[in-house]
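Convention: sequence-line order gives letters A, B, ...; per-chain numbering from 1.
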Amino acid sequence: MNRVHVVKSILWGLVGLSLAVAISRFAFGLGATTNLTDTTPWGLWIGFDVMAGVALAAGGFVITALFYMMRRKEFHPMVRPAVLTAFLGYVAVVCSLMVDLGLPWNIWHMIVFWNPHSPLFEVGWCVMLYTSVLLLEFSPVPLESTSRYAKIREFLMKFRFPLVLLGIMLSTLHQSSLGSLFLIMPFKLYPLWYTDILPILFFISAVGLGLMMVSFESLVSSWIYGRKPESHLIAKLGKAAVWVLSIFLVVRFVDLAIAGKLGLIFSGTWESLLFIAEIMIMAVIPIILFAIPKTRHSLAGQWIGSFLVVFGAIFNRINVGGLTMLSTTGDSYFPSWMELSISFGIVSFMVLVFLFAIEKFHIWDDRPREAESDPHARPQFSRGGEVWLGAPAVAGRTKYSFAFVIALAIGFMLMPGTKLHSSGVENVPTRAARGGDTLFVDGNRDGYGVAFKHQFHVDTLGHEQSCVRCHHMNLPQDKNSGCFTCHSQMYAAVDAFKHDWHNSPNGANITCSECHMDGENRTAASAKHCDACHTDLIPAGATITIEQYMAPAYTDAMHDLCIGCHREIVAQQPEKQAIALCAACHATAGPEYLRADVRERLKRPEYNHVVLPGVSLEQPE
Amino acid sequence: MDALLEFATGPLFRLTFAIMILGLARILILDLYGMWEAYRKAGDKTIPWGLTISRTLEWIFPVKRVINHRPIYSIVAILFHIGLLITPTFLFAHVELWRSGLGFGWWTISPMLAEILTIATIALGLLLFLGRVGSRNARALSRKQDYLWPLVLIVPFITGFVCANLTVSPNLYQLSMLVHVFSAELIFVLVPFTKIAHCVLMPLSQLVSTIAWKFPAHVDEDVATTLNKKGAPV
C-alpha cells in the first residue's frame with residue numbers, strides 16, 4: 001500500500017470509531033460517554049476541539065492578510081490550502097460543539113434571543129459569520145471545475161476582497177473573544193494564566209500559530225503525496241513567527257511581572273511545570289530554531305519548529321480551557337476514550353475532506369495523481385493477498401470502506417453494554433442496615449439515613465407475631481433476611497431471582513429442565529414457581545405478597561413499606577397525624593449509638609435530602 | 001466459563017454482528033456504486049429490465065430449475081436455506097434476547113417446528129457436504145471454503161439443539177452454549193468476506209452482468225488506436 005492509502009485508511013478507521021461513539025453520545029447522553037461532571041463541565045471537546053480548533057484555523061486570516069493586504073505575492077501557493085484549512089477547522093469546531101452541547105438543537109436560540117453582554121454570544125456569532133465567510137471565500141475553488149456555475153463564481157469573485165477583509169476582521173474579533181470568555185473566571189483559572197489581557201494574548205498567539213499551522217499543514221500534505229515541500233516559503237513564515245512569538249513572550253512576561261506573579265513560575269507546583277513546558281514548547285524553542293538561518297531552512301528544523309508551535313498552542317488552549325482550573329475546583333478529570341475518539345474522529349474527517357479537495361480541485365498548482373491511475377501503468381499486486389484490488393479509485397474505496405466498517409464495529413463492541421439499554425439510573429448497590437434495637441437504614445451509606453426503631457416497632461405491633469408485618473421473603477434456609485438481600489439496588493428494580501446464577505456450575509448448578517417443562521418455550525411464566533423447590537422462602541402469614549421476580553428499588557421498597565403502614569394508622573387514629581409526615585422518619589438525628597459529631601452533622605437540614613421548609617428537625621413523639 | 005460466556009454474548013456479539021451488518025452494507029454499496037460507474041461510462045445505455053428482473057426472480061424462486069436440473073440437489077439446497085434462515089431468526093429464545101436488548105421482538109415459531117427445522121438443517125447440511133465430496137464434477141469445482149461452509153453452518157445448530165432440548169449438566173450446557181455462540185459469531189464475521197455474501201449480492205447479480213457487459217463509449221476506436229490501426233473498422 002502506498003502512503004496515501006495507509007494514511008487515508010487510518011483516518012477512515014478513526015472516523016468509523018468516532019461514529020459509533022457519536023451514536024452512543026446522542027442515544028445515551030453525555031453522562032454515558034464523557035468523564036465530564038457538574039464541576040468540570042468543559043473538557044477535551046472545548047479545550048481541544050473548540051479552543052484549539054479555532055486557534056489552528058488562524059492560518060486562514062494570517063495568510064490572506066499577508067497575500068491580499070501586505071501584497072506578499074510569493075505566498076500565493078499557500079492561500080488556497082490556508083483558507084480551506086481555516087474553513088474545515090471552523091466546521092470541525094461547529095461539529096464538536098454540536099456533540100458537546102447538552103441540547104444542541106437549541107443552538108438557533110443565539111440568533112433570535114440576543115444577549116449582547118455575554119462573551120459566548122459574541123463567540124457564537126463570530127463562529128457562524130466567519131464559517132459562512134470562509135465558505136464564500138473558498139467556494140470559487142470547487143466551482144471552477146465546472147462551467148455550469150460560472151456565473152455564481154464570477155459573482156463571488158467580485159466580492160473576494162471585501163470577503164477577505166470581513167474574514168480578517170471576524171477572526172480578530174473571534175480569536176480574542178475566546179480569551180475574553182475566561183475573564184469571568186478570575187478565581188477559577190490559575191493566576192499564571194489569568195490576566196486582564198487574555199484576549200490580546202489569545203490574538204497574538206493565534207497569529208504566530210496561524211503562520212506555523214500553515215507551514216505544518218504544507219509539510220504534512222507534501223509528505224503524504226510525496227511532493228517537494230515549499231521550504232522557501234516556510235522559512236519566510238518561520239522568520240515572521242520569530243517576531244510574533246517574541247512579541248507574545250514579551251507581553252506575557254511583562255504582564256506577569258506587573259501583576260507580580262513571576263514568582264509563581266518557580267513555585268514548583270504542577271501548574272508552574274505546565275507553564276514552563278507550555279512557554280518552552282510554544283515559544284522559546286521554536287524561536288531559537290527559526291532564529292538560526294541554518295535550522296530555519298532545513299526540513300528537520302521546519303518540521304520540529306512548526307510542530308512544537310502547533311502542539312504548544314493546543315497545550316496553551318487546553319490549559320486555559322480547563323486543565324489549570326482543576327486545582328481550584330479539586331475535581332479530577334481525564335477525558336474518556338470516547339471523548340478522545342470523537343476529537344480524533346472529527347479531526348480525521350476534516351483531514352480526509354482536505355485530501356479529497358487537494359485531489360479533486362485546483363488547490364495546488366499540480367494536482368496529485370497516483371502513478372497507477374495511468375491506463376498504461378502495470379497493476380501492482382498487494383503485498384499480503386496477491387490480489388489486484390483494481391484501479392486506484394476502486395482499490396482505495398475497497399480499503400477505506402473496510403477500515404471504516406471494522407472500526408465502526410469495534411466502536412459498537414467497546415460501548416458499555418449496560419448502557420445500550422440503560423434507563424439512565426445510576427448503579428448504586430445497597431448494604432445491610434446496621435445497629436441493634438435501632439437500625440440505621442442507610443442503603444447506599446451516604447450518611448442520609450433513617451434511624452428505624454426496630455425494637456419499638458416489635459414491641460408496639462405485637463412482639464413475635466409482628467415480624468411478618470414487614471418481613472415477607474427470606475433466602476432459602478434463612479430467617480428474617482435483610483431488606484438489602486433482594487432490594488440490592490438503591491434506585492433501580494433488580495432481578496431478585498438471579499436466573500443465570502441458578503443455571504451456572506458456579507452457582508446452584510441445576511439443569512434447565514429442573515424448572516422448565518419440555519416442549520414449552522422457556523419463559524419465567526411457564527417455569528416452576530420458586531416455592532415449588534424452596535418451601536421456606538415466604539414466612540407464614542406474611543402480609544406482603546410476592547407477584548414477580550423483580551424487587552423494587554431499595555428507596556421505593558422502604559417508602560412503600562413504612563408509608564403504607566403509617567397511613568393506615570393515621571386513617572384509624574387521626575390524632576397521630578405526625579407519623580405520616582416525611583419528617584417523622586427523616587428529620588431525626590442519627591441513632592444514639594452514633595458518635596456525637598456524626599449525630600450533630602445529620603441534624604443539619606442541608607444534610608438531609610427531604611427536610612422541607614417549616615418541618616421540625618426534632619422527631620415527633 | 002461464566003465470564004467467557006458473558007464476553008461472548010456481550011461485546012463479542014456486538015462486534016461480530018456489527019461486522020456482518022456493516023460489512024454486507026459495505027459490499028452492497030460498493031457494488032451499486034461500481035454498477036453506477038459502469039452505467040455512466042457505457043456507450044449503450046439500454047437495460048433489458050424485464051429480462052433482468054425475470055431472470056433474477058427465477059434464481060430467487062428457482063421453481064423451473066428444480067424440475068429441469070438436478071432436482072434432488074436443488075430441493076436439498078432450498079430446504080437448507082429455509083432452515084438456515086427461519087430457525088435462528090424466529091426462534092423464541094433468540095427473539096427474547098432481542099427483546100431484552102432492543103426493547104422489541106417479533107413473531108416466533110413453535111418449539112416443535114424449531115426442533116424439526118433444526119434437525120432437518122443439520123441433516124441437509126451433512127447431505128450437501130457429502131454430495132460435494134461424492135461427486136467428481138463438484139470436487140473439481142470446489143474450493144476449501146465450499147467444503148467447510150456446510151460443516152461450519154451446522155455447528156451452531158447442533159450445539160443449539162443440545163442446549164434447547166437435551167437434559168445436560170450445567171457444565172455441558174455452558175460448554176455447548178459457548179460453542180454455539182462462538183461458532184455463530186465466526187459465521188457473522190465470515191459472511192461479508194466469503195461466498196455467503198451472496199445473501200445481499202445475489203439479487204443484483206443478473207443486473208451486474210447486464211450492465212458490466214457493455215463497452216464504454218468509443219471503446220472500439222481506443223482499441224484500434226492501441227493496436228496501431230487507427231481508423232480501421234472494428
Side-chain angles (χ1 to χ4, degrees), chain A residues 12 16 19-20 23-24 375-376 385 389-391 393-418 420-423 495 499-514 516-526, chain B residues 1-3 5-7 9-30 33-34 37 91-93 95-96 98-103 108-112 114-115 162-175 177 188-189 192-193 222 226:
Chain A
W12 272 112
L19 183 65
I23 291 171
S24 119
H376 299 289
L389 286 174
V394 180
R397 65 176 183 244
T398 308
K399 288 177 203 164
Y400 310 146
S401 58
F402 180 75
F404 177 78
V405 159
I406 296 295
L408 186 54
I410 290 175
F412 280 121
M413 175 176 96
L414 292 176
M415 270 185 206
T418 49
L420 282 179
H421 45 77
S422 156
S423 52
D495 173 21
H499 173 273
D500 292 359
W501 179 88
H502 278 85
N503 180 38
S504 167
N506 299 328
N509 197 24
I510 55 173
T511 62
C512 306
S513 55
E514 298 251 356
H516 295 286
M517 309 303 140
D518 276 346
E520 276 196 62
N521 283 326
R522 290 172 180 170
T523 61
S526 67
Chain B
M1 212 166 354
D2 284 339
L5 204 52
E6 204 168 296
F7 173 71
T9 53
L12 199 62
F13 173 76
R14 288 201 299 277
L15 174 76
T16 52
F17 200 74
I19 287 181
M20 177 173 76
I21 299 295
L22 296 168
L24 288 176
R26 164 180 173 259
I27 52 169
L28 185 66
I29 291 167
L30 286 179
Y33 189 77
E37 270 195 336
L91 188 76
F92 178 79
V95 177
E96 278 303 291
W98 284 117
R99 202 191 301 281
S100 69
L102 297 175
T108 59
I109 52 176
S110 71
M112 188 68 174
E115 207 170 309
V162 171
C163 289
N165 292 294
L166 303 186
T167 304
V168 290
S169 75
N171 260 317
L172 190 57
Y173 177 86
Q174 285 204 342
L175 187 69
M177 185 52 89
F188 290 164
V189 173
F193 307 111
D222 290 348
T226 312

Side chain, backbone, both or neither: which part of [X] has a heavy atom under 4.5 Å from chain B?
{"X": "A:F404", "answer": "neither"}
{"X": "A:E520", "answer": "backbone"}
{"X": "A:T511", "answer": "both"}

May I ask you to name which of A:C512, A:A20, A:A508, A:S401 has the most heavy-atom pairs under 4.5 Å with chain B?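 The residue among A:C512, A:A20, A:A508, A:S401 with the greatest pair count is A:S401.
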Residues in residues 23-30 of chain B near chain A [non-hydrogen atoms, under 4.5 Å]: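 If one takes a 4.5 Å heavy-atom cut-off, the residues of residues 23-30 of chain B near chain A are B:G23, B:R26, B:L30.
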On a heavy-atom basis, which atom in B:T108 and which in B:F92 lie closest, and how many Å separate them?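 It is CG2-CA, 3.8 Å.
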Grab the two heavy atoms, one from B:C163 and one from B:Y173, that are nearest each other, plus how far apart they are.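 So the minimum-distance heavy-atom pair works out to O-CE1, 3.5 Å.
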Shorter than 4.5 Å, heavy atoms on both sides: which option in B:N165, B:N171, B:L15 has the most such pairs with chain A?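 Maximum pair count with chain A is reached by B:L15.
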Top of B:T167, B:L172, B:I21 for chain A proximity - count of heavy-atom pairs under 4.5 angstrom: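 Of B:T167, B:L172, B:I21, B:T167 has the most heavy-atom pairs under 4.5 Å with chain A.
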Specify whether B:F17 and B:F188 have parallel, tilted or perpendicular ring planes, treating 30° as the upper limit for parallel and 60° as the lower limit for perpendicular.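 Plane angle over 60°, so perpendicular.
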Close side-chain approach of A:V405 and B:I19, heavy atoms under 4.5 Å: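 Not touching, per the 4.5 Å side-chain cut-off.
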Can a donor-acceptor pair be found between the side chains of B:Q174 and B:D2 at a distance below 3.5 Å?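 Indeed, the side chains of B:Q174 and B:D2 share at least one donor-acceptor pair under 3.5 Å.
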Who pairs with B:L91 by side-chain contact (heavy atoms from CB on, under 4.5 Å), at least two apart in sequence or on another chain?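 By the side-chain contact (heavy atoms from CB on, under 4.5 Å) rule, B:L91 matches B:A93, B:H94, B:A114.
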Side chain [X], main chain [Y], donor-acceptor under 3.5 Å:
{"X": "B:R14", "Y": "A:M415", "value": "yes"}
{"X": "A:S504", "Y": "A:D500", "value": "no"}
{"X": "A:R522", "Y": "B:A164", "value": "yes"}

Checking B:F13 against chain A: side chain, backbone, both or neither under 4.5 Å from a heavy atom?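 For B:F13, no heavy atom lies under 4.5 Å from chain A.
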Non-hydrogen atoms of chain A under 4.5 Å away: do they reach the side chain of B:E115, the backbone, both or neither?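 Neither the backbone nor the side chain of B:E115 comes within 4.5 Å of chain A.
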Flag yes if more than 12 heavy atoms outside B:E37 fall under 6.0 Å of its CD atom; otherwise flag no.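 Yes, enclosed.
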